[in-house]
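Notes for the one structure printed next.
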Amino acid sequence: QVRLAESGGGLVQAVGSLRLSCVASGRGFTKYGMSWFRQAPGKLWEFVAAIVWSGGSTTYADFVQGRFTISGDNAKNTVYLQMNSLQPEDTAVYYCALRSRLTYGRASDFVTQSDYDYWGQGTQVTVSS
């Protein structure tokens, strides 16, 4: 069983910053890639960013526009999402996901929910104007 635990969400004013963390724990799992998705109230899930551990490739949704950075610490089984210049439209629950299937590719190959095998419970990010 794999568990993903997100942290770092909260309330921030517009143009502020937050850093989300997600720790993967469990036994016997492989960690090919990790990602962040989000869901705002009444809206569909959105891909935010992904990282592949082998090679370290990353990819971002278009709306990120250079404001967010995904990074990871392989030894700690942890992925981070540094979010800068936050805007009210970034308000959402942010979910961490892990891909354990070893299908080789770049991060840009894994941008849909079906590409991931395990999910966290989510952390709320609220940006006030």
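- For the pair R99 (side chain) and G33 (backbone), a donor-acceptor distance under 3.5 Å is absent.
- By the rule that hydrophobic residues join a cluster once side-chain heavy atoms approach within less than 4.5 Å of another member, Y118 and V79 end up as members of one cluster.
- V23 and L20 fall into different hydrophobic clusters, where Ile, Leu, Val, Met, Phe, Trp and Tyr residues are linked whenever their side-chain heavy atoms come under 4.5 Å apart, directly or through other members.
- Looking only at side-chain heavy atoms (C-beta outward), V15 and Q87 come within less than 4.5 Å of each other.
- When all heavy atoms are compared, the tightest approach of V127 to T91 is N-OG1, 2.9 Å.
- In plain terms, the two heavy atoms of A14 and S129 that are nearest each other are CB-CA, 4.3 Å.
- Proximity of D117 to V2: side-chain heavy atoms (C-beta onward) are nowhere separated by under 4.5 Å.
- Surrounding CD of E46 are more than 12 heavy atoms belonging to other residues, nucleotides or ligands, all under 6.0 Å away.
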- Check the pair L98 / F29 against side-chain contact (heavy atoms from CB on, under 4.5 Å), numbers first and verdict last. CA-CA 10 Å; L98 181 149; F29 69 94; 3.9 Å; yes
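- Annotation: the span from T30 atom OG1 to L102 atom CG amounts to 4.5 Å, rounded to 0.5 Å.
- The side-chain contact (heavy atoms from CB on, under 4.5 Å) check on S57 picks up V52, R106, A107, with sequence neighbours excluded.
- Remark: L18 CG to N84 CG distance equals 9.5 Å, nearest 0.5 Å.
- In terms of modelled atom types and a separation under 3.5 Å, the side chain of E6 and the main chain of Q121 share a donor-acceptor contact.
- Legend: ring pair (Phe, Tyr, Trp, His ring centres under 6.0 Å) pairs involving residues 67-101, not counting sequence neighbours, sorted by first then second residue: W45-Y95.
- Side-chain contact between C96 and W36 is present, with at least one heavy-atom pair separated by less than 4.5 Å.
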Exercise. Does the pair S35 and Y116 meet the rule for a side-chain contact (heavy atoms from CB on, under 4.5 Å), with working shown?
Worked result: CA-CA 8 Å; S35 66; Y116 294 89; 3.2 Å; yes
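- Nearest heavy atoms, F63 versus V48: CZ-CG2, 4.1 Å.
- A pairwise comparison of heavy atoms in A92 and Q124 identifies O-NE2, 3.4 Å as the closest pair.
- Heavy-atom minimum distance, F47 versus A61: O-CB, 3.2 Å.
- Between V125 and R38 the shortest side-chain heavy-atom distance does not fall below 4.5 Å.
- Cluster membership for Y32 and I70, using ILVMFWY side-chain heavy atoms within less than 4.5 angstrom, is not shared.
- Between V12 and M83, the closest side-chain pair of non-hydrogen atoms is not below 4.5 Å.
- How far CG of L44 is from CZ of F37: 13.0 Å, rounded to the nearest 0.5 Å.
- We find the CZ-OG1 distance between R19 and T69 to be 10.5 Å, quoted to the nearest 0.5 Å.
- Between L4 and A24, the shortest heavy-atom contact is CD2-CB, 3.4 Å.
- Q82 contributes atom CD, which lies 9.5 Å from atom OG of S21 (distance to the nearest 0.5 angstrom).
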